[in-house]
Amino acid sequence: MKQFYLTTPIYYVNAAPHIGHTYTTIAAEVIARLKRAEGYEVVLATGTDEHGQKIERAAKAVNQSPQAFTDVVSGEFTKQWAELGLQIDRFKRTTDPAHHRKVQELFLRCQERGFVYKSSYTGAYCVSDELYANENKPGEPCPICGRILEEVTEENYFFKLSAFQDRLLKLYEEQPDFIQPEIRRNEVLAFVRGGLQDLSISRTSITWGIPVPNEEKHVFYVWFDALTTYVSAVDGEGRWPADLHLIGKEILRFHAVFWPAFLMAADWPLPKQIFAHGWLLFENDKMSKTKGNLLRATPITTVVGVDALRYFLLREVVFGSDGNFSLDALVARYNADLANGLGNLTSRTLTMIKQYRAGLVPTVPVLESVAAQIAATTQQAQAHYAKFEFSKALETIWALIGFLDRLIMEEKPWELAKRSEHERLDTVLCSTYRALEAICNLAHPVIPASIDKIRAQMGADGQVGDLTPVFPRLDAKLVIPQMQELEQAELARQNALLGKVAAPEADVSAVSPLSPEITIDDFVKVDLRVGLVISAEAVKGADKLLHLKVDIGEAEPRTIVAGIAKAYAPETLVNRKVVIVANLAPRKLRGIESKGMIVAASLEGGPPVLAAFLEEVPVGARLK
RNA sequence: GCCGGCGUAGCUCAGCUGGUUAGAGCGGCGGUCUCAUAAGCCGCAGGUCGAAGGUUCGAGUCCUUCCGCCGGCACCA
């Protein structure tokens with residue numbers, strides 16, 4: 001039997017499952033069902049990524065061991081998928097000992113084949129991203145997430161990623177479908193063409209991780225660890241390589257560059273395809289914990305049902321692009337397509353068979369026009385499905401529903417019944433019934449539970465069963481507040497469970513850890529002064545830089561280059577009092593020598609906010 | 001700054017290699033049947049197709065420039 005193995009990412013357990021995780025997993029599960037319908041023996045794997053300093057610290061914050069902490073969060077994921085009725089075939093945790101062995105095996109193979117070397121590193125390190133920031137200094141914000149970088153000196157194992165540039169480019173060229181959609185492929189292509197740097201794959205600053213073989217202190221870098229779950233999840237089953245890695249676009253590089261390189265180094269088979277979907281936005285805004293606009297799936301599915309969510313996500317969002325999520329849109333889509341569309345068609349079709357034919361499904365030839373529509377719809381929908389164009393596939397299927405509604409209006413079976421035109425009546429009823437069967441077949445992977453209900457009502461033996469609305473109409477005014485209420489409750493429950501980790505206001509992953517303690521003597525080394533911005537202009541060639549002249553009471557105004565252009569228009573800064581670090585070593589930025597640094601606050605890569613005073617302060621005043 | 005994508009009816013979007021009056025769904029308005037979940041069906045929406053040039057007999061559809069938004073890279077508090 002032909003096999004198909006696909007994966008979702010393994011989710012990081014620094015947060016409880018939310019709708020973003022759900023989106024990916026539902027999409028994967030739909031693909032799994034589609035492939036099963038095609039006759040494949042399918043395995044869908046997901047799991048949780050549980051190592052790293054962030055988890056170590058998060059566990060500590062709630063007075064738990066890392067293992068106890070991850071047990072809880074990982075359990076939330078298993079529970080979530082069960083609640084949603086998702087058929088998950090393998091669930092791999094990175095804390096699984098069998099997985100540990102697989103990671104070590106991968107490492108040893110890479111090492112044996114000469115793609116790993118040991119080297120030492122001193123410099124800035126971002127705890128949150130578990131990445132070295134070669135270009136930055138400790139104390140500066142992380143280039144990726146904006147959290148303060150810490151100083152580390154580590155001896156590390158490095159992976160010779162640089163050796164794989166050509167092989168990767170060849171892979172992308174020979175398998176144009178390897179990275180999908182096209183736009184993501186181009187991004188990766190551009191990135192790899194730009195040259196690859198060797199990648200540190202071990203950490204000594206962390207203890208919560210998989211030990212590097214033959215080493216005392218080294219633990220594997222998160223991605224070396226995590227990506228390997230795709231192999232370890234089906235270890236010994238002969239299923240690797242995966243046919244599809246379904247991921248979100250934010251982790252594309254790890255999957256499309258690092259992962260194939262690791263596998264090439266180990267001489268293990270490469271996955272067939274990586275598909276990066278877009279983000280689910282909430283009312284056109286990026287969802288995030290800090291914004292507090294992150295939704296959970298259960299409050300939605302409790303009120304409107306799992307299939308409503310499944311249908312919405314796949315119908316409303318163009319798969320691959322970013323999509324908008326809102327409860328309003330969800331309810332609107334439900335009422336229009338599921339209640340008025342499929343639900344109503346089912347209801348009227350089966351009711352007529354009940355009323356006019358005593359519930360016995362007529363067995364006569366189907367109208368030619370209907371047969372043609374069924375064939376065309378099936379062919380088109382399957383073509384769309386094959387390309388993961390879920391929204392188009394569903395649109396196509398729903399066009400058939402419209403066609404049938406119009407057919408019923410034209411044929412008016414109720415009049416045929418009155419006039420006792422039994423032959424025509426049978427033809428029409430049977431045609432509609434058969435078309436409904438086709439719709440069920442096509443829609444089943446997306447809304448399986450509902451289709452099962454419809455099929456039960458359609459009857460298995462030519463006898464229509466009991467009829468109850470499969471998609472009762474929703475009243476937005478009633479249902480949306482219900483979902484919002486449950487959302488609050490669910491959020492509170494998760495917070496209680498995970499401690500403050502998941503709470504927006506005290507999110508340890510958003511608030512950077514404190515820097516090491518210093519003395520007053522250390523502090524006075526930093527000369528902070530009040531300055532008045534004399535002029536400000538954009539630095540050409542840089543998006544984020546402003547070229548400022550700041551008066552701090554010296555003979556000449558200081559030249560300061562500040563990366564605040566995204567947050568402040570130059571003209572709004574003139575005459576504004578700011579705080580600057582006056583004794584910072586000068587540094588050249590974009591060819592301009594910056595003498596000092598503007599003090600600004602920011603959180604999780606958010607925009608910088610300039611420090612300011614509520615009362616009047618003289619220029620040149622020192623802060624202490 | 002470089003690379004890529006996008007900007008079409010109130011909303012979400014189709015419009016392939018240029019060719020009659022620019023389309024669909026949703027919402028809204030009007031009409032109508034009654035099998036059906038106050039569902040369905042029919043009709044209406046008059047939108048400078050981001051802006052300005054250009055190529056062409058003819059351009060949302062090709063070219064140039066500009067504006068706006070998004071993403072990647074560079075850069076960065």
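- B:G27 and B:U34: their C1' atoms are spaced 25 Å apart (whole Å).
- Distance CZ (A:R333) to P (B:G25): 12 Å, rounded to an integer number of Å.
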Annotated protein contacts, base or backbone, on nucleotides 33-45 of chain B with a non-hydrogen cut-off under 4.0 Å, one of B, S, - each: BSBBB-SBSS---

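- In this structure B:G72 sits in the anti conformation; its chi angle is more than 90° from 0.
- Distance, A:W398 CH2 to B:C26 P: 13 Å, rounded to whole Å.
- Going from the C1' atom of B:C42 to that of B:C33 covers 10 Å, rounded to whole Å.
- For the pair A:E250 CD and B:C73 C1', the computed distance is 18 Å after rounding to whole Å.
- Look at A:E173 and A:K170 and you find no salt bridge, because none of the NZ, NE, NH1 or NH2 atoms lies under 4.0 Å from a carboxylate O.
- Taking atom CG on A:L189 and atom P on B:G5, their separation rounds to 14 Å, with Å as the unit.
- For residues 395-430 of chain A, the ring pair (Phe, Tyr, Trp, His ring centres under 6.0 Å) pairs, not counting sequence neighbours, are A:Y311-A:W398.
- Between the CD1 atom of A:I580 and the C1' atom of B:A77 there is a distance of 14 Å, given to the nearest Å.
- Searching all strands for a Watson-Crick or G-U wobble partner of B:C6 with both distances below 3.5 Å returns B:G68.
- Taking the C1' atom of each, B:C44 and B:C3 are spaced 46 Å apart, rounded to whole Å.
- Aromatic ring pairs are classed by plane angle as parallel below 30°, tilted from 30° to 60° and perpendicular above 60°; the pair A:F388 and A:F275 is perpendicular.
- Aromatic rings from A:F254 and A:W223 are positioned such that their centres are separated by under 6.0 Å.
- Atom CG of A:L546 is separated from atom C1' of B:C75 by 13 Å (rounded to the nearest Å).
- A 4.5 Å side-chain heavy-atom check between A:P260 and A:L168 finds at least one atom pair inside the cut-off.
- In this structure, A:N335 places its CG atom 11 Å from P of B:G28, rounding to the nearest Å.
- With a 3.5 Å ceiling on both atom-pair distances, the Watson-Crick or G-U wobble partner of B:G23 is B:C13.
- For the pair A:R184 CZ and B:G72 C1', the interatomic distance rounds to 8 Å; values are reported in whole Å.
- Taking the C1' atoms as reference points, B:U20 lies 30 Å from B:C29, given to the whole Å.
- Centroid-to-centroid, the aromatic rings of A:F312 and A:F325 come within less than 6.0 Å.
- Side chains of A:E437 and A:R434 form a contact here, defined as non-hydrogen atoms less than 4.5 Å apart.
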